[in-house]
2 protein chains.
Amino acid sequence: MQEEPIIKSSISKQIADQLRNSIINGRFKTGERLPTEDELANRYGVSRATIREALKRLAAQNLVRSRRGPTGGNFVNQPTHEELAESLSGAATLLVSLGSMDIEEIVDARRVLQGSCLKLAAQHAKPEQVQKVQAALVRQKQVGISDEAFCHADVAFHRALVDAADNSMIRFVMYTTIEALVPITNMVLSYVKDRHEIIAIHERLLSALEQKREDELEIALNQLLDYLMESFRLAQIQRSKYQKPPSGSN
Amino acid sequence: MQEEPIIKSSISKQIADQLRNSIINGRFKTGERLPTEDELANRYGVSRATIREALKRLAAQNLVRSRRGPTGGNFVNQPTHEELAESLSGAATLLVSLGSMDIEEIVDARRVLQGSCLKLAAQHAKPEQVQKVQAALVRQKQVGISDEAFCHADVAFHRALVDAADNSMIRFVMYTTIEALVPITNMVLSYVKDRHEIIAIHERLLSALEQKREDELEIALNQLLDYLMESFRLAQIQRSKYQKPPSGSN
DNA sequence: CCGATATTATTTGTCTGACAAATACATGTC
DNA sequence: GACATGTATTTGTCAGACAAATAATATCGG
């Protein structure tokens with residue numbers, strides 16, 4: 001067994017993987033500073049540019065962050081839930097925009113997953129978590145706010161709902177599912193001017209949560225998603241009227 | 001409004017973000033080749049090293065892949081589901097290893113999410129998907145296979161179950177949840193030598209799927225997760241016997 | 001002695017130019 | 001026509017340099 005005969009991937013990638021493993025296995029602890037780029041270069045016997053490319057790969061995954069100066073360096077980053085959710089939703093929006101997932105699938109997924117999630121929320125929700133849901137809804141009900149602000153509040157509302165389930169793992173995956181639908185919600189909103197319907201359903205969700213009525217929660221959720229799908233179809237029709245269908249879309 | 005007065009992040013990061021947006025907005029289509037590094041460097045008015053660091057950030061997210069030679073270059077990569085699942089599970093294992101999520105939460109999440117997922121599977125599963133589940137179970141039942149191989153087959157089994165739900169979004173998030181538990185499963189297996197219990201429950205799951213019995217699926221799932229948690233606790237106790245608690249672990 | 005300011009050292013960020021390696025394409029030889 | 005050879009193109013890596021940020025230290029005035 002030779003050392004490493006048939007390496008096909010680039011050195012910088014290999015180094016990135018090694019460093020990554022060192023982090024996961026705890027050889028580098030979170031918050032700790034890793035050796036300077038010069039020293040890493042010496043240690044691995046490569047140039048600093050290569051080391052930097054490896055570090056940038058890790059930085060793209062929020063695994064390290066760098067700071068300049070004497071006390072600076074590259075530090076192992078404990079990704080916050082926010083950062084994690086962000087990179088996840090980045091992946092999700094990418095999938096959607098590349099057409100790897102269609103809207104029906106996402107809506108179906110949300111029907112099922114968020115359904116379970118809401119049941120959990122009804123069981124576990126603490127008062128302050130319910131209050132957060134309410135706060136988001138209040139923001140959403142402000143008259144005269146922009147589409148963007150409305151959509152932002154919409155996301156906050158659903159995130160608060162998910163948070164009420166009080167489970168990190170569920171939060172992790174549900175944030176992704178929610179984010180994946182944001183572009184569609186945005187599109188729908190620009191055609192469907194009236195937001196009353198959405199707000200009404202949200203209010204229904206909130207009161208059902210307060211009363212811990214699981215059945216009611218499920219009904220309201222389905223109502224919301226049905227409305228979203230219906231609006232989406234209308235928006236698509238409207239769109240194809242004004243903007244000729246791309247016949248030879250190549 | 002000046003051009004860009006108060007930028008704090010590095011140029012390479014900014015360029016990476018710009019390229020990323022160009023890809024998402026479809027200015028660069030999937031499979032397409034982007035300009036050579038030299039040309040990008042000219043276009044952005046930076047050095048090639050900077051461009052390369054930006055590209056490595058994107059490569060770390062599986063957004064681009066590079067090839068050498070005349071027809072080579074950096075190409076926009078349509079991430080396969082495998083790659084996506086891989087990077088997701090990478091994030092998940094990271095979260096677990098960094099202790100951002102505890103096992104109870106993951107198991108609870110799986111109870112709920114996979115529960116819904118199995119119901120969907122019972123409704124939608126196509127024959128060939130059921131067959132894949134069966135195939136994975138057969139592999140797992142081979143006598144004398146290593147812990148590693150057993151665990152691999154275990155993942156394949158659960159993935160096949162998820163695939164049976166026939167929904168890309170669900171697959172996306174469930175793969176993550178499954179992967180997050182792999183390290184624990186591994187650890188449990190190294191202490192709990194007997195695999196019969198797991199296989200028995202898996203067989204129960206399979207037959208319940210074949211008969212489309214949703215209630216039975218849920219019961220079996222809970223049984224499996226209960227067993228896992230119980231074994232995990234035992235493993236922890238066993239562990240603390242042989243390996244002194246790290247009192248001053250410095 | 002103290003405090004504000006200047007200097008210095010360290011480390012990442014970026015630039016420049018070069019060469020190595022892979023690889024498609026053209027060219028030449030038999 | 002088949003096969004070897006060269007050649008151009010593009011990424012991968014290297015080496016050394018300077019710029020920018022920043023914390024520690026030294027300096028000077030009170």
Side-chain angles (χ1 to χ4, degrees), chain A residues 2-20 22-23 28 30-77, chain B residues 2-20 22-23 28 30-77:
Chain A
Q2 285 113 319
E3 276 234 0
E4 2 177 17
I6 25 164
I7 344 159
K8 287 310 286 178
S9 65
S10 68
I11 299 180
S12 74
K13 182 165 172 54
Q14 292 175 56
I15 293 181
D17 289 342
Q18 280 196 40
L19 289 176
R20 188 171 201 283
S22 297
I23 293 174
F28 293 123
T30 65
E32 200 178 3
R33 200 194 102 161
L34 23 116
T36 66
E37 297 177 352
D38 274 321
E39 196 185 325
L40 283 174
N42 282 331
R43 197 178 291 185
Y44 283 99
V46 299
S47 77
R48 190 156 83 95
T50 304
I51 292 290
R52 282 184 62 78
E53 289 186 5
L55 287 173
K56 291 319 153 202
R57 290 180 129 104
L58 299 182
Q61 301 166 36
N62 274 315
L63 265 169
V64 300
R65 46 176 27 177
S66 57
R67 227 174 40 217
R68 287 203 266 214
T71 63
N74 291 283
F75 296 84
V76 179
N77 187 31
Chain B
Q2 285 113 317
E3 276 231 0
E4 4 179 16
I6 26 164
I7 345 160
K8 286 311 285 179
S9 67
S10 69
I11 300 180
S12 75
K13 182 164 171 53
Q14 292 175 54
I15 292 181
D17 289 342
Q18 279 195 39
L19 288 176
R20 187 170 202 282
S22 297
I23 292 174
F28 292 123
T30 66
E32 199 177 6
R33 200 194 101 163
L34 21 116
T36 67
E37 297 177 351
D38 275 321
E39 196 185 323
L40 283 174
N42 282 331
R43 198 180 289 187
Y44 282 101
V46 299
S47 76
R48 190 157 84 95
T50 304
I51 291 292
R52 281 183 63 78
E53 289 187 5
L55 287 173
K56 291 319 154 205
R57 292 181 126 104
L58 300 182
Q61 300 165 28
N62 274 314
L63 264 169
V64 299
R65 45 175 30 175
S66 57
R67 227 172 42 217
R68 286 204 267 217
T71 62
N74 290 283
F75 296 84
V76 178
N77 187 30

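Remember, it's a predicted structure, so these values are computed and weren't measured experimentally. Note: hydrogens, waters and symmetry copies are ignored here, and every other heavy atom, side chains too, is used. Residue numbers begin at 1 in each chain, while the letters A, B, ... track the order of the sequences.
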- Message: Measuring to OP1 and OP2 of dT9(D), would you say a side-chain N or O of T36(B) lies under 4.0 angstrom away?
- Response: no
- Note on the structure: Ranking dT13(D), dA23(D), dT14(C) by distance to the side chain of S12(B), first place goes to dT14(C)
- Message: On DNA chain D, compare the nucleotides closest to G69(A) and G45(A); which residue's is nearer the 5' end?
- Response: G45(A)
- Query: Between the base of dG12(D) and the side chain of R48(B), is there any donor-acceptor pair under 3.5 Å?
  - Reply: yes
- Message: Within the structure provided, determine whether L19(A) and Y44(A) are in side-chain contact (heavy-atom separation under 4.5 Å).
- Response: yes
- Message: From CZ of F75(A) over to C1' of dA21(D), roughly how many Å is that when rounded to an integer?
- Response: 13 Å
- Item | Phosphate OP1/OP2 of dA21(D) contacted by R67(A) side-chain N/O (<4.0 Å) | no
- Just checking R33(A): base, sugar-phosphate only, or nothing, at a heavy-atom cut-off of under 4.0 Å? sugar-phosphate
- Message: If the cut-off is 4.0 Å, is S66(A) near the phosphate of dG13(C), judged by side-chain N/O to OP1 or OP2?
- Response: yes
- Message: Distance check needed: dG13(C) P versus N74(A) CG, whole Å only.
- Response: 6 Å
- Message: If you count heavy atoms of other groups shown closer than 6.0 angstrom to CZ of R65(A), is the number above 12?
- Response: no
- Hey, what do you get for CG (N77(B)) to CG (L63(B)), rounding to the nearest 0.5 Å? 8.0 Å
- Task: Could you state the atom-to-atom distance from CD1 of I51(A) to P of dG12(D) in whole Å?
- Result: 16 Å
- Hey, which sits more toward the 5' end of DNA chain D by its nearest nucleotide, G73(B) or P70(A)? G73(B)
- Rounding to a whole Å, what distance do you find between L55(A):CG and dT14(C):P? 13 Å
- Roughly, in whole Å, what's the span from CZ in R65(A) to P in dT22(D)? 14 Å
- Round to a whole Å and report the spacing from CD of E37(A) to C1' of dA21(D). 14 Å
- Query: Is there a side-chain polar atom (N or O) of K56(B) under 4.0 Å from OP1 or OP2 of dG12(D)?
  - Reply: yes
- Query: Between R68(A) (CZ) and dC18(D) (P), how many Å, whole number?
  - Reply: 17 Å
- Query: Rounded to the nearest Å, what distance is computed from the CZ atom of residue R52(A) to the P atom of nucleotide dG12(D)?
  - Reply: 17 Å
